[in-house]
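What you see is a predicted model, and the numbers here were worked out from it, not measured in a lab. Protein chains get the first letters and strands the later ones, always in sequence-line order, with residue 1 at the start of each.
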Number of protein chains: 2
Amino acid sequence: MRISELARETGVPLATVKFYLREGLVPAGRATSATQAEYDATHVRRLRLVRALVEIGGLPLAAVRDVLAAVDAGPDLSMTAIGTAHAALPPGPPPGTGTERALAVVESFGWSGAGQTNALGRLQAALEAMDAVGLAPDPDRLRTYADAALTVAAADVSDVPAGPVADVVEYIVVGTVLYEPLLLALRRIAQQHLFVTRRPEG
Amino acid sequence: MRISELARETGVPLATVKFYLREGLVPAGRATSATQAEYDATHVRRLRLVRALVEIGGLPLAAVRDVLAAVDAGPDLSMTAIGTAHAALPPGPPPGTGTERALAVVESFGWSGAGQTNALGRLQAALEAMDAVGLAPDPDRLRTYADAALTVAAADVSDVPAGPVADVVEYIVVGTVLYEPLLLALRRIAQQHLFVTRRPEG
DNA sequence: ACAGTTGGAGAGTAGCACTATCCAATATTG
DNA sequence: CAATATTGGATAGTGCTACTCTCCAACTGT
């Protein structure tokens, strides 16, 4: 498979494929001559993954690079992989955000071992911003959110397939990113559903 | 309150406040002379809201403008407001995405009245991208996600306070946007928690 | 032999969110 | 009341990201 077929197969513009190759987001093909290289199914897969992370996950290319590095790092443990994925995901917390308050919240749920994820900073930043506009969640609602989050997280980690370590890592990392839009889309649709059924004449 | 105090109060750079005023994201102050204007608490609040939507919600300014318009539209019904908010939220589905598959999924949950939200396009795009990289959710997992989404959505709509219509609309629209990062942060922290407690030596 | 395609590199572009500079008209201070 | 600082407003410029365009010599298929 040559480069233009790779582009056609995935629907990605040729110029963009070349750009990704230059940026190292897709590995180079096997050169068969000075001006020819051969690509295979792994390139198709990787290219689709990059596009999914960008278009669905909304990641900037720099974050895609980090996520792919975590995927490729291989047998470095799942926990590291998930932490790396989280650290690479945008947007990071605004600089200067602490984590004390978020930690207190998390501990009140009895969750442990969350000390090193930057999601804590995001949580705290979100809470502070809500306070600032007067829309902070009450404890009950926060609980509801936490329970829901725990439920989906449990599905996330229990669904990890047996198999080569590289596949497992990819599953975790990519799943973390790609399932977020899924969850958000479902929440919005559910909101609409509830609004409509609540006010039948609305 | 003059412009520089508004900037100091909110921590937003003066040049940025001016920029938002020019863009109409924050309403102009009451002019007291050719080179002076007076700002008040509503300006502080609006400015904080803009920053929250940008920094926490990750919205581009154009989307912020649309969301604010929905907020300000006033007594136009809640359902319209929520639809407007959804339509304004990025990223929209990639152009050319259908909704048939998403509709089938949603109907299998018994959800109705979701025909007009662009979250359907996002759902379908997410499912298709997952398929393309071979990581599509099985029906059970999708169910788990849908149940969790419905749970938080129920909390979202039941928490809407009584009060002036404008406040209700703001609550819905802003809540839709600002609670997303909260949910995602909690999910990530929960994942980490589960991983750590699952493999105590990991 | 020769049009067409390829891999590769460099420069150019478009959109976004600010940020810096300038200005004349006030305000404030000594 | 003079000197200095600040204000609102407009224009232009910056830095970043993610492409996209153009060029080119080396090859390929016919």
Visitor: Measure from CG on B/L53 to C1' on C/dA17 and round the result to the nearest Å.
Guide: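 In whole Å, C/dA17 C1' and B/L53 CG are 15 Å from each other.
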Visitor: Under 4.0 Å, heavy atoms only, any strand: does B/A15 hit a base, just the sugar-phosphate, or nothing?
Guide: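 Base, at least one base atom sits under 4.0 Å.
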Visitor: Mind calculating the distance between CE (B/M1) and P (D/dT7) to the nearest angstrom?
Guide: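 It works out to 13 Å between those atoms.
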Visitor: So, is B/Y20 near the phosphate of C/dA17, with a side-chain N or O under 4.0 Å from OP1 or OP2?
Guide: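 False: B/Y20 side-chain N/O out of range (4.0 Å or more) of C/dA17 OP1/OP2.
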Visitor: I want to confirm an ordering. Mapping B/P13 and A/E5 to their closest nucleotides on DNA chain C, which one lands closer to the 5' end?
Guide: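 In this pair, the answer is A/E5.
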Visitor: What integer distance in Å separates A/L61:CG from D/dT20:C1'?
Guide: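 Distance check: A/L61 CG to D/dT20 C1' gives 14 Å.
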Visitor: The side chain of A/F19 is closest to which nucleotide in this list: C/dA25, D/dC19, C/dA27?
Guide: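 Nearest to the side-chain atoms of A/F19, counting from C-beta on, is D/dC19.
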Visitor: What pair of heavy atoms forms the shortest contact from A/R188 to B/A119, and how long is it?
Guide: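 Minimum heavy-atom separation between A/R188 and B/A119: CB-CB, 3.8 Å.
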Visitor: Using the side-chain heavy atoms of A/R22, tell me which of these nucleotides is nearest: D/dC21, C/dA17, D/dA25.
Guide: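 Nearest to the side chain of A/R22 among the choices is D/dC21.
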Visitor: Can any side-chain N or O of B/R46 pair as donor or acceptor with the backbone N or O of B/L68 at less than 3.5 Å?
Guide: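 Checking the backbone N and O of B/L68 against the side chain of B/R46, no donor-acceptor pair under 3.5 Å is found.
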Visitor: Can you tell me if A/T16 touches the phosphate of D/dT20, counting only side-chain N or O atoms and a distance under 4.0 Å to OP1 or OP2?
Guide: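 The answer is yes; a side-chain N or O of A/T16 sits under 4.0 Å from OP1 or OP2.
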Visitor: With no hydrogens and no angle check, do the side chains of B/R51 and B/Y20 hold a donor and an acceptor under 3.5 Å apart?
Guide: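 Short answer, yes.
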Visitor: Report the distance from atom CD of B/E55 to atom C1' of C/dA17, rounded to the nearest whole Å.
Guide: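 These atoms are roughly 12 Å apart.
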Visitor: For A/L59 and D/dC19, give me the distance from atom CG to atom C1', rounded to whole Å.
Guide: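 Computing the A/L59:CG to D/dC19:C1' distance gives 17 Å.
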Visitor: For A/A153 versus B/R187, what's the shortest heavy-atom pair and its separation?
Guide: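 That would be CB-O, 3.9 Å.
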Visitor: At less than 4.0 Å, is any side-chain N or O atom of B/R65 found next to OP1 or OP2 of C/dC16? Yes or no.
Guide: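 So the side chain of B/R65 is outside the cut-off, no N or O lying under 4.0 Å from OP1 or OP2 of C/dC16.
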Visitor: Report all side-chain donor-acceptor pairs from residues 95-109 of chain B shorter than 3.5 Å, counting only partners two or more places apart or in another chain.
Guide:
residue: B/T97; atom: OG1; partner: B/P94; partner atom: O; Å: 2.5
residue: B/R101; atom: NH1; partner: B/D131; partner atom: OD2; Å: 3.0
residue: B/R101; atom: NH2; partner: B/D131; partner atom: OD2; Å: 2.9
residue: B/S108; atom: OG; partner: B/V105; partner atom: O; Å: 2.5

Visitor: Tell me: CG of B/L25 to P of C/dC18, nearest whole Å?
Guide: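 Between P of C/dC18 and CG of B/L25: 10 Å.
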Visitor: Rounded to whole angstrom units, what separation is found between the CZ atom of A/R2 and the P atom of C/dG8?
Guide: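 Result: 15 Å.
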Visitor: Round to the nearest Å and state the distance from A/K18 atom NZ to D/dT22 atom P.
Guide: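 It works out to 13 Å between those atoms.
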Visitor: On DNA chain D, compare the nucleotides closest to B/E38 and A/V54; which residue's is nearer the 5' end?
Guide: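 Nearest nucleotide further toward 5': that of B/E38.
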Visitor: Classify the nucleic acid contact of B/R51 as base, sugar-phosphate or nothing, counting any heavy atom under 4.0 Å across all strands shown.
Guide: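 Touches sugar-phosphate only.
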Visitor: Any side-chain N or O of B/S33 less than 4.0 Å from the OP1 or OP2 oxygen of C/dA25?
Guide: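 No, because none of the side-chain N or O atoms of B/S33 sits under 4.0 Å from OP1 or OP2 of C/dA25.
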